[in-house]
Amino acid sequence: MSSVSSASDMEEDCILLPLTEIEVVEEEEESTSSDSAEEIPSSVSKQRRVSLASIRRQRKLGTLASLRPASQPISIPAREQRQTPVVSIPVKNWRIAIQKAREFVKNSPNAWQKFGLEKHATEKATRHRYNALRKSWSEDTVLVKMEDEPFDHGAMRECFRLKKLSNFSRSLDWNRASNYVAKRYIEKVERDVYFEDVKLQMDAKLWGEEFNRHDPPKKVDIMQVVMLEFKDRPGSPLYHLEHFIEGKYIKYNSNSGFVEDESLRCTPQAFSHFTFERSSHNLIVVDIQGVGDLWTDPQIHTKEGTDYGDGNLGTKGMALYFHSHACNRICKALNLTPFDLSNTEIASLERAQFIQYVWFQTSSKTILRGSEEIVIDPRLKNTGDITLFLRQRSESPRNSPRVSESEDVAMSTSVSPPYSPIDFLDDDPFAASLRRLRSDSENSSVTRGRVRYDSEMSDCFDDTMSPEEEAEHEEFARRQVSRPSCVTLEVNFRRMSLIQGQLTGGSVLGEVHLEMAKYHENGRFAPQQGLNMLHQEEVDWDSAIFHLEKAAVCGVLEAIVALARMFLQLPHDVLEGAHVENTEENTNRGVDYMRMAAVAGDRSAMIYLANGYHTGIGLGTEREIDWVEATRWYSQAVSQSGEDEEGCYDATMEDPAYVLMAKEAELYRQGGHGLERDPERAAELYNEAAELAMAAMKGRLASKYFMIAEECWGEMEE
């Protein structure tokens, strides 16, 4: 029988060949089908099984009938077995974990099956999602079923059970839809409030991921939240949407400084402290609550106090947190510095520290592994940033050994002795320690790993991590510059930043201390005795002055002026009920503070120094009459028509410019105390003072200044 073909072998898509002309001898053993009922002839059984090879293989081996005699069998070599790729142990563990998770989800009963959400009507809703890295919003459409009545409520919002189909789902099986909680405000609020709440929680989630980068003993996560808009309903109502969390809901701290003693844990408190330092004091994440280490509804305090809704208390909220915070083992392992507290405040925290110690001995399961990454900026080693010296602190070694559960957790807070506020303008008393910290850090390096913990399955919120998003997360981490919570290191930071020419302002840490001093003055931290009115003797004035001094050392102008007037026995707006002894030491310190305020641009401080150097009153024992300094400060006070370093300006004008110019002119007319007599300069100043007085509708005084100016011109001719 001849072969049937229509073209050449190389161009054929299909070739029909008789089975008798092509025999293929396989190397495999002969196999006989058990289903065949026919007997195989003996002549055939002695031969190998005849099979039909594929056309491609026939071409490769040259097995076409036209190229080889049919009597000569063709031996086809066995196919090469592909080697199974070696799978690493971590990959195997992840695969096992994923398989167990799938089985758990498949076999777990539906917690909301008894509520019959499947019977409710299916609704279309517009989902608004916020990207915290890109600061952008996106929206799409989802299908949901929601209850008509809330199943729970809080002080401000009520909760509804809801089911949502995944956008990747191929069926409309609502029994397999995920459980969610939809929340809305009980009282009507502006629609922007809903958007701000989503932005707040997603920004807090970003800080949770940054916390995980430093490899704490327990990783944390903040629930992803989106916003649903039901456009088909009247008024297009808005709802917040979160996954339903099963478990015991615990509030670990609040936005007003509350800390739950019965549920005291290290991780939530350390996380809040971490966000304050890692953000360079720009914000702090508080109001930690949720199930285990999966949190929701946090609050962010910012230094401006303008974003994230009415719960943002700004530096006031930061002060409330640190007044009740005692650094724990995780804070120390991450190299977070303790916030400066007075001896009285430290004593009030001893009870909380004792509870921590008992908790660690009995219930705490958090064990430090020794691999925690301290809070430093990853760019410092290569860029030589001055914060390198501040972040490498000798209190906590970089490679600390594993800490046992029985380690003492008492907080160590250093309280520096009183010193003059202008000491940091002289030689650096911390130079030796900074050089030591620099040498220690030169032999160290920072290695960062990327760990992502999702609060939901990716198909529920359609949240995936692309390479671009990974790069954005890395860029976010590089933008953060850590800043310590200790005043001593803050002073060093400011001292090394004086090249910018600003002595005051710009210290959020100082503002926090100032707010803490004001809280003491208002009796916020005083022991409460029922509904009795607060008495002055119940206020902890020592702690209030302690924090006011810390704020002044950090360069807060309001605190500097308040301390200057307090030490000089002058009326002061901050801590009005606080008084200090009238001693020479306090007077000298008051003049030091007053000079700092004058250098920073405070007009009242300039006038005080000018009058002091003019008359010698209120200068203390370390200074004396100096008319050169007096004319200098008179002149600066007159020219102070703009803002000081903190953006403020004393516009009360209790001492008008024409009065100050007349005093300066009088000094030039008389001369003495180091100032040369200059009648010409005096005449010019009197003329300028007369013109300003005339503009201020002070005609009689202006005439007086013009007459004195004529006398000065006459003295020049003589």
Side-chain angles (χ1 to χ4, degrees), residues 129-133 135 154-157 159 181 183 185 193-214 216 218-227 240-245 247-260 263-279 281-322 324-325 330-331 336 452-456 461 463 476 480:
R129 292 181 291 180
Y130 178 74
N131 189 314
L133 289 172
K135 307 296 182 184
M156 300 179 63
R157 295 188 296 181
C159 306
V181 176
K183 303 178 181 179
Y185 282 95
V193 175
Y194 285 88
F195 288 91
E196 283 294 320
D197 290 343
V198 174
K199 182 176 179 293
L200 185 157
Q201 188 152 330
M202 296 307 296
D203 286 344
K205 180 180 177 65
L206 195 62
W207 282 106
E209 295 180 356
E210 179 65 18
F211 179 73
N212 294 336
R213 286 176 179 269
H214 291 73
K218 288 187 177 180
K219 304 298 187 295
V220 304
D221 192 19
I222 296 176
M223 290 291 295
Q224 184 171 356
V225 60
V226 299
M227 190 175 63
H240 292 136
L241 185 66
E242 293 181 354
H243 269 275
F244 173 68
I245 310 176
K248 185 178 180 181
Y249 192 91
I250 299 176
K251 191 178 185 71
Y252 299 106
N253 61 37
S254 70
N255 63 339
S256 60
F258 165 78
V259 176
E260 176 59 54
S263 303
L264 191 60
R265 290 188 54 207
C266 293
T267 302
Q269 315 306 331
F271 170 72
S272 296
H273 191 175
F274 167 86
T275 58
F276 180 75
E277 289 204 7
R278 192 72 180 101
S279 66
H281 305 171
N282 287 320
L283 58 84
I284 185 172
V285 182
V286 294
D287 203 8
I288 306 300
Q289 53 193 312
V291 178
D293 293 310
L294 183 57
W295 303 332
T296 183
D297 290 338
Q299 178 61 55
I300 298 179
H301 299 314
T302 62
K303 63 178 182 180
E304 298 87 0
T306 54
D307 298 327
Y308 305 120
D310 296 335
N312 183 1
L313 303 180
T315 54
K316 294 182 175 65
M318 298 176 183
L320 292 172
Y321 166 78
F322 280 111
S324 59
H325 173 66
I330 300 180
C331 295
L336 304 176
R452 180 171 177 81
Y453 295 84
D454 289 330
S455 59
E456 68 288 320
F461 273 93
D463 182 24
F476 172 80
Q480 310 308 319

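In this chain, residues are counted from 1 in sequence order.
- Residues Q269 and N253 bring a donor and an acceptor atom of their side chains to less than 3.5 Å of each other.
- The shortest distance between side-chain heavy atoms of K205 and V285 does not fall below 4.5 Å.
- Taking D293 as the reference, R265 meet the salt bridge (charged side-chain N to carboxylate O under 4.0 Å, His left out) condition, with sequence neighbours excluded.
- With rounding to the nearest 0.5 Å, the separation of NZ in K199 from CG in D197 is 11.5 Å.
- Closest heavy-atom contact between L206 and A132: CD2-CB, 4.2 Å.
- Side-chain contact between S279 and W207 is present, with heavy atoms from C-beta onward closer than 4.5 Å.
- For Y130, the ring pair (Phe, Tyr, Trp, His ring centres under 6.0 Å) partners at least two apart in sequence or on another chain are W137.
- A donor-acceptor distance shorter than 3.5 angstrom exists from the side chain of N312 to the backbone of T302, with no hydrogens or angles considered.
- Scanning both residues, A270 and L336, for their nearest heavy atoms gives O-CD1, 3.9 Å.
- Here the CD atom belonging to E209 is positioned 13.0 Å from the NZ atom belonging to K219, to the nearest 0.5 angstrom.
- Within the structure, salt bridge (charged side-chain N to carboxylate O under 4.0 Å, His left out) contacts touching residues 304-316 (residues at least two apart or in different chains) are K316-E515.
- Under the 4.5 Å side-chain criterion, counting only non-hydrogen atoms from C-beta, V220 is not in contact with I222.
- Scored by the side chain to side chain donor-acceptor pair (under 3.5 Å) test, H281 finds no partners at all (sequence neighbours excluded).
- Smallest separation of non-hydrogen atoms from Y252 and G292: OH-O, 3.3 Å.
- Rounding to the nearest 0.5 Å gives a distance of 7.5 Å between CD of Q224 and CZ of R129.
- Between A204 and I300, the closest heavy-atom pair is N-CD1, 4.0 Å.
- A donor-acceptor pair under 3.5 Å is absent between the side-chain atoms of K183 and the main chain of H240, judged by distance alone.
- Not a single salt bridge (charged side-chain N to carboxylate O under 4.0 Å, His left out) links K303 to another residue, sequence neighbours left out.
- Salt bridge annotation for E210-R213: present, with a cationic side-chain nitrogen under 4.0 angstrom from a carboxylate oxygen.
- Residues I288 and P268 share a closest heavy-atom pair of CG2-CB, 3.9 Å.
- Residues meeting the side chain to side chain donor-acceptor pair (under 3.5 Å) test with Q201, sequence neighbours left out: E242, T296.
- The shortest side-chain heavy-atom distance between D287 and D297 does not fall under the 4.5 Å cut-off.
- In this structure the side chain of F211 never reaches within 4.5 angstrom of the side chain of T275, judged on heavy atoms.
- How far CZ of R278 is from NE2 of H273: 13.5 Å, rounded to the nearest 0.5 Å.
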task = Apply ring pair (Phe, Tyr, Trp, His ring centres under 6.0 Å) to the pair F276 and Y321, showing each step before the final yes or no.
result = CA-CA 11 Å; F276 180 75; Y321 166 78; 8.3 Å; no
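- A distance-only check finds a donor-acceptor pair linking the side chain of Y194 to the backbone of Y185 [under 3.5 Å].
- Counting heavy atoms from C-beta on, the side chains of K248 and I250 come closer than 4.5 Å.
- The closest donor-acceptor contact from the side chain of T267 to the backbone of K218 lies at 3.5 Å or more, if one exists at all.
- Side chain of H301 to main chain of L313: a donor-acceptor pair is present (N/O by atom type, distance under 3.5 Å, no hydrogens or angles).
- Relative orientation of the F322 and H325 rings is perpendicular, given thresholds of 30° and 60° on the angle between their planes.
- I284 CD1 to E277 CD: the interatomic distance, rounded to the nearest 0.5 Å, is 10.0 Å.
- Between V286 and S254, the shortest heavy-atom distance links the atoms CB-O, 3.9 Å.
- With no hydrogens or angles considered, no side-chain donor-acceptor pair links Y308 and Q299 at under 3.5 Å.
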